[in-house]
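What follows is one structure encoded as structure tokens, with my remarks underneath.
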Amino acid sequence: MCNTIKFRLGSLFLLFVLFSANMHAQCAMCRAALGGEDNNIQAQAVNDGIVYLMAIPYILVAVIGYAVYRLYKNKKQV
């Protein structure tokens with residue numbers, strides 16, 4: 001049973017890797033406001049801001065997970 005789950009997860013990962021495409025998606029309002037050749041710098045700044053806002057929750061979850069891991073590990077040693 002465990003090998004079946006590993007095989008399915010591996011197959012799913014392989015499908016994502018093989019069929020992933022380079023996407024340049026934005027919301028409709030951002031696309032309308034930043035469309036055109038003259039707004040490349042502003043569009044790049046908006047995309048950087050989106051990535052920055054997206055990364056913060058992942059970093060917080062990673063820090064909290066690491067803190068819980070450290071507490072669990074220290075409690076186990078005592």
Side-chain angles (χ1 to χ4, degrees):
M1 175 132 178
C2 188
N3 288 335
T4 304
I5 292 173
K6 286 181 182 177
F7 177 74
R8 287 182 181 172
L9 288 176
S11 298
L12 188 62
F13 177 74
L14 187 62
L15 283 174
F16 279 126
V17 170
L18 290 177
F19 295 108
S20 65
N22 193 8
M23 302 278 181
H24 297 285
Q26 293 179 337
C27 71
M29 292 180 67
C30 293
R31 181 176 290 252
L34 299 173
E37 296 287 327
D38 298 334
N39 294 330
N40 284 339
I41 294 173
Q42 290 176 341
Q44 186 63 38
V46 168
N47 287 335
D48 290 344
I50 290 169
V51 170
Y52 176 75
L53 290 173
M54 184 186 74
I56 296 298
Y58 289 108
I59 292 171
L60 287 175
V61 167
V63 168
I64 291 171
Y66 182 71
V68 169
Y69 169 75
R70 295 278 305 204
L71 288 173
Y72 179 74
K73 187 176 178 182
N74 287 340
K75 185 178 178 182
K76 198 173 187 180
Q77 288 178 351
V78 174

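- Residues meeting the side-chain contact (heavy atoms from CB on, under 4.5 Å) test with Ile56, sequence neighbours left out: Tyr52, Leu60.
- Gln44 meets the side chain to side chain donor-acceptor pair (under 3.5 Å) test with Asp48; sequence neighbours excluded.
- Taking the side-chain contact (heavy atoms from CB on, under 4.5 Å) definition, one finds that Lys76 meets it with Tyr72, sequence neighbours left out.
- To the nearest 0.5 Å, the span separating CD1 on Ile59 from CE on Met54 amounts to 10.0 Å.
- In this structure, Leu12 places its CG atom where more than 12 heavy-atom neighbours from other residues, nucleotides or ligands lie under 6.0 Å away.
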